[in-house]
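Reading through the structure tokens given below for one structure.
We count ligands from 1, going down the list as the structure has it; atoms in each ligand are counted the same way.
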Amino acid sequence: MSEDRTPGVKPYRGPAGGWGALRAVADALADQDAIAPGGKALLAANQPDGFDCPGCAWPDPSHTSSFEFCENGAKAVAWETTSRRATPEVVGAHTLAEMRGWSDHAIEDLGRLTEPLRYDAASDRYVRAGWDEATAAIGEALAAMPPDTVEFYASGRASNEAAFLFQLWGRRLGTNNFPDCSNMCHEPTSVGLAEQLGLGKGSVTLEDFDHADCILSFGHNPGTNHPRMMATLREAARRGAAILVFNPLKERALERFASPQDPVEMATLSSTEIASRYYQLKVGGDAALLAGMMRVLIERDALDHGFIAEHTTGFEALKAQVLAADWDWIEHRSGLPRARIEEAAEIYARSRATILCYGMGMTQHRSASSLVQQLVNLLLLRGQIGRPGAGVCPLRGHSNVQGARTVGVSEKPSEALLAAIERTFGFTPPRRHGHTVVEAIEAMERGEARALIALGGNFAVAAPDPERTHPALRGLELTVSIATKLNRSHLLPGRAAWVLPCLGRTEIDVQGGVRQAVTVEDSMSMVHASRGMREPASEHLRSEPWIVAELALASLGPGSLGPESGVDWRGLAADYDKVRALIEQVFPDQFADYNARIRIPGGFRLPAPTGERRWTTDSGRAAFLPYEADEAAADDPARGDPDVLVLTTIRSHDQYNTTIYGLNDRYRGVKGRRDVVFANAEDLAERGLRDGDAIDLTYAFDDDGARRMLRGFMVVARDVPRGCLAAYYPEANPLVPLADRDRRSGTPAYKSVPVRISRAS
Ligand SMILES: Nc1nc2c(c(=O)[nH]1)N[C@H]1C(S)=C(S)[C@@H](COP(=O)(O)OP(=O)(O)OC[C@H]3O[C@@H](n4cnc5c(=O)[nH]c(N)nc54)[C@H](O)[C@@H]3O)O[C@H]1N2
Ligand SMILES: Nc1nc2c(c(=O)[nH]1)N[C@H]1C(S)=C(S)[C@@H](COP(=O)(O)OP(=O)(O)OC[C@H]3O[C@@H](n4cnc5c(=O)[nH]c(N)nc54)[C@H](O)[C@@H]3O)O[C@H]1N2
Ligand SMILES: [Mo]
């Protein structure tokens, strides 16, 4: 039906991957005029001596083939290695007001930033600035502000070295205000799993996937967001492992995948079936589904009693809660019939070794920290964690978002971290907890935050509620962005604003005459070196560690790290081995022999006690934790109102978060537009609407008097469960209120937005 009515949208019938993926690589490189240099760069991605692909945090196999990159990694590399340049002349040709009218794609497509830029309010333009001028002015402004009025935002591409210096700078200045992209992403994992298991990270290694006979996939779309994971899933499927997918949308790559690295599949146009069962549950229906699965396991006594007795606490309380969950509620909220939930539980119960993977479909809800704990409860019931082929695998987003957390970028630092900083540097870091992203925005609104320093990212577009977030940013006294490309956040300057251009992952970084390597941590706690091999996009670019060190020096003054430590900011920026030596001093258990071990190809694994059944919780055991639904929503984002639909926001195949490469979403059959909403045909019919109609979406409730709306989106009838909608991030962010968030992690409920729809007015 879609074929006739909806321009640019039709169902995609082929497998994911295949020739389409190879074609897209060529197109991405050609589009950015990056063919020769980018093509060469690709060969060095995720190789022992190359750079870490900026695409995602999926680990590198130990036997790296010369093609360890993927379509979307290729797009990320092409986007960075583009031949376009956003010089001061190019940027300064337009006022900021004018550029705010451009699409996000058009803004970044100006190309790589080449020189520091200063905002000139009189002409509403960015103008060329020198590094000395920039660092001196920023340092002076920051030195005059109370430390807790400064927000230090970090996106997850910064290396361990840059991230470590960043948190050291902020803490030396006197604040723990480290709102982080993690607060919009996997923070429920950091909070929930840490409370439950002692470690807020995954427990498995890549090798574990070879031993799993069952893989549970919850709320992630690896064909687009972790394409290199498809090789692993494909191998598991071919081995006969059961792969159970829980996702409201039929994601093509989770159904069928053709490996571009497999000559036979490519030559014969064949593909591999990935999911053995596909459970299209309702958006936000996971808590009910998990209660149902756990109920089946408990009632049939399909439990690992030995493990529960020896390794866990809290089983009785969880059992009581699960047995009290009645099937009407489970079926109604999950949208799945009891028989299918029983089937899923039975397949899982038969498995010897299960890995549970999950992504944003689990972490961006109002009770997300508690929800991810239910995933772990499911594993604990059968002792499916901490032995070969079994465990939990949260799929991290940015290529080093996990590493930045490990080296101390955290708004709620542990006492151990603060003590280690004090021991190493001889100053007393602040104890007061700092702001998450949403709390930072609220502090800006109240006038309590005066400056934002952003180490990468696109704060304004990634955050929810632009109607509040954008004015909040405009009210700041100072905004400083360390970035590779211009984006909308830079077009919302504070009274004084600076954009500081940095080297990207693919570029050669020479300090003190020596070519430097940085280090990153992947989703499976592997730390390894990353070394760029391309000439920098401009001679004026500086490395992130250098920029952070210079800004720290300018705002804190020389000697601010304490003479006894024998280091100074400039010395650290000139030799990253020295930064790593300090990281080792602060985290001796995790980074012992840091500098030696990153010189081994492939790097090393950080201690992952949960992988060995060591639980670093207070009780020394893993905890079953009952589900705690958010009070306001009572675990039903629609609050029982039948007129309300629940919208989830998703990534297309042609974007990297707020970076929009193009307007296509190949596996969902969308071409040339992003203003679409996927809906169930019966829900549409009930409202007198049809596939292809233009609709308005309104946030369903009037909690704070604001009217949050999106106008004129095209509705596409799709195979989605009743009561559910899906639209693209970031276009849908105006519908997400700041207040709708997981209380414990601060993560916005981007994946359960209650809305009403009507014909476009
Ligand atoms: N190419 C590319 N790679 C990326 C990124 C990118 O933008 N582009 N972003 C990076 C980042 S920062 C991150 S965090 C990851 C994100 O990777 P993903 O976690 O895959 O991110 P999303 O696109 O948000 O996809 C969420 C999936 O969850 C499903 N879902 C939505 N709501 C629910 C729900 O209520 N329950 C369940 N069970 N499923 C649901 C959606 O249908 C979708 O398949 O990818 C990283 N890698
Ligand atoms: N509705 C909705 N909103 C969401 C999400 C969702 O699923 N739905 N997902 C959330 C998630 S998971 C995340 S992680 C956030 C992402 O939030 P962010 O991390 O803030 O956003 P990005 O789009 O990844 O940042 C892109 C910018 O990073 C800069 N950049 C790129 N490479 C480098 C580099 O090497 N160094 C430096 N310094 N800068 C660089 C470029 O200037 C580019 O414009 O968005 C969140 N927002
Ligand atoms: Mo993310």
Handout entry: ligand 2 to H490 polar contact by distance, N or O atoms, under 3.5 Å
Key = no
Exercise for the section: State whether E255 and R277 are salt-bridged, where the test is any N-O pair (Lys NZ or Arg NE/NH1/NH2 against Asp/Glu carboxylate O) under 4.0 Å. Expected result: no
Handout entry: Donor + acceptor pair across side chains of Y627, N377 (<3.5 Å)
Key = no
Exercise for the section: Determine, for E507 against R534, whether the closest basic-nitrogen to carboxylate-oxygen distance falls under 4.0 angstrom. Expected result: no
Exercise for the section: Look at R505 together with D52 and state whether they make a salt bridge at an N to O cut-off of under 4.0 Å. Expected result: yes
Exercise for the section: Just let me know how T484 lines up against ligand 2, side chain, backbone, both or neither, with a heavy-atom cut-off below 4.0 Å. Expected result: both
Handout entry: Ligand-side contact atoms (ligand 2) for residue partner E108, heavy atom cut-off under 4.0 Å
Key = 43 (C), 44 (O)
Practice task
Would you please classify the geometry between the Y656 ring and the H398 ring as parallel, tilted or perpendicular, with 30° and 60° separating the classes?
Solution key: tilted
Practice task
Could you tell me which atoms of ligand 2, counted from 1 in the order shown, lie closer than 4.0 angstrom to a heavy atom of G456?
Solution key: 37 (C), 38 (N), 39 (N)
Exercise for the section: Would you please indicate yes or no on a ring centroid separation below 6.0 angstrom for W79 and H105? Expected result: yes
Practice task
Would you mind running through ligand 2 and noting each atom that sits below 4.0 Å from a heavy atom of E544?
Solution key: 34 (C), 36 (N), 37 (C), 38 (N)
Exercise for the section: Measure the distances from the heavy atoms of I482 to every atom of ligand 2 and state whether one is below 4.0 angstrom. Expected result: yes
Handout entry: Carboxylate-amine/guanidinium contact R542 E550, below 4.0 Å
Key = no
Exercise for the section: Compute the ring centroids of W131 and W546, then answer whether they are less than 6.0 Å apart. Expected result: yes
Problem - K201-S190 side chain donor-acceptor pair, cut-off 3.5 Å - result: no
Handout entry: ligand 2 atoms in contact with N733 (distance to a heavy atom under 4.0 Å)
Key = 1 (N), 2 (C), 3 (N)
Practice task
Measure up the F178 and F152 rings against each other and bin them: parallel (under 30°), tilted (30 to 60°), perpendicular (over 60°).
Solution key: tilted
List ligand 1's nitrogen or oxygen atoms that come under 3.5 Å of a protein nitrogen or oxygen, with the partner atom and distance.
unit_1, atom_1, unit_2, atom_2, d
ligand 1, 1 (N), N72, ND2, 3.3
ligand 1, 1 (N), T224, O, 3.1
ligand 1, 3 (N), N225, O, 3.3
ligand 1, 7 (O), R651, NE, 3.1
ligand 1, 7 (O), N657, N, 2.7
ligand 1, 7 (O), N657, OD1, 3.3
ligand 1, 8 (N), N225, OD1, 3.4
ligand 1, 8 (N), Q655, O, 2.8
ligand 1, 9 (N), R651, NE, 3.2
ligand 1, 9 (N), N657, OD1, 3.0
ligand 1, 17 (O), N225, ND2, 3.2
ligand 1, 19 (O), M360, N, 2.8
ligand 1, 20 (O), N221, N, 2.7
ligand 1, 20 (O), N225, ND2, 2.9
ligand 1, 21 (O), N225, ND2, 3.2
ligand 1, 23 (O), N225, ND2, 3.1
ligand 1, 23 (O), R651, N, 3.1
ligand 1, 24 (O), R651, NH1, 2.9
ligand 1, 24 (O), K751, NZ, 2.9
ligand 1, 28 (O), G219, O, 3.4
ligand 1, 32 (N), T648, OG1, 3.0
ligand 1, 35 (O), G284, N, 2.7
ligand 1, 35 (O), H365, NE2, 3.3
ligand 1, 36 (N), D286, OD1, 2.8
ligand 1, 36 (N), G361, O, 3.4
ligand 1, 38 (N), F246, O, 3.1
ligand 1, 38 (N), D286, OD2, 2.8
ligand 1, 42 (O), N247, OD1, 2.7
ligand 1, 42 (O), E251, OE2, 3.4
ligand 1, 44 (O), N247, ND2, 2.8
ligand 1, 44 (O), E251, OE2, 2.6
ligand 1, 47 (N), N225, O, 2.8

Problem - Distance filter under 4.0 Å to C502 heavy atoms, resulting ligand 2 atoms - result: 36 (N), 37 (C), 38 (N)
Exercise for the section: Measure the acute angle between the ring planes of F246 and F218, then classify it against the limits of 30° and 60° as parallel, tilted or perpendicular. Expected result: parallel
Exercise for the section: For Y153, take its heavy atoms, then give the atoms of ligand 2 lying under 4.0 Å from any of them. Expected result: 17 (O), 18 (P), 19 (O), 20 (O)
Problem - Enumerated ligand 2 atoms positioned under 4.0 Å from heavy atoms of N487 - result: 27 (C), 42 (O), 43 (C), 44 (O)
